[in-house]
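This report concerns only the one structure given below.
The figures here come from the full heavy-atom set of this structure, side chains too, leaving out hydrogens, waters and symmetry mates.
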Amino acid sequence: QGQLAESGGGSVQSGGSLRLSCAASGFPYNTYCMAWFRQAPGKEREGVAAIDSDGTTRYAESVKGRFTISQDNAKTTLYLQMNSLKPEDTSKYYCAAAYYHGEYCLSLDPVYEFNYWGQGTQVTVSS
């Protein structure tokens, strides 16, 4: 059974940076498409960034130019570097793994089924 565990969340001031990590285990990480989602209280889950097994990346418009998704295949770890953080980035961030590739994953549409989800890590940005 696959597992994902996020870490690195916290509280920062507007303009600050954080790096989230997601440790994967129990499934062939290198063959999955990985993504970050976020969900704030009372709001729908939204896709933030995705990286496919061939290295193709995709970002939500709201984070493009500020966030960078990357992965260390040897360590089966996914990262999200978040710079120039804004109060509207405040949310719980989740990593997810999808067996299917291409637009299924890169579209960042939460309607598509991702096979594994982490428990989430809270990011709070104060103004």
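Among residue pairs with one or both ends in residues 99-115, those qualifying as salt bridge (charged side-chain N to carboxylate O under 4.0 Å, His left out) are Arg58-Glu103; sequence neighbours excluded.
Shortest non-hydrogen contact noted between Ser91 and Gln122 is O-NE2, 3.3 Å. Across all their heavy atoms, Ala50 and Leu108 have their closest contact at CB-CD2, 3.6 Å. Nearest approach of Ala49 to Leu80, heavy atoms of both residues: CB-CD1, 4.2 Å. The shortest heavy-atom contact between Tyr94 and Gln119 is CE2-O, 3.4 Å.
Between Tyr99 and Tyr32, the two ring planes are perpendicular [angle over 60°; tilted spans 30° to 60°]. Ring geometry for Phe114 against Tyr104 counts as tilted: the plane angle lies between 30° and 60°, on a 0 to 90° scale.
Between Gln81 and Ser70, every side-chain heavy-atom pair lies at or beyond the 4.5 Å cut-off. By the 4.5 Å heavy-atom criterion applied to side chains, Gln39 and Lys92 are not counted as neighbours. Taking the side chain as every heavy atom from C-beta outward, Met82 and Val48 never approach each other to under 4.5 Å. Residues Ile51 and Thr56 have side chains not in contact (no heavy-atom distance under 4.5 Å, counting atoms from C-beta outward).
Under the 4.5 Å side-chain heavy-atom criterion for ILVMFWY residues, no single connected hydrophobic cluster contains both Phe37 and Tyr29.
Remark: Arg45 is not positioned above the aromatic ring of Trp36, lacking an NZ or CZ atom under 6.0 angstrom from the ring centre and at most 45 degrees off the axis.
Between the side chains of Asp72 and Thr77, not a single donor N or O lies within less than 3.5 Å of an accepting N or O.
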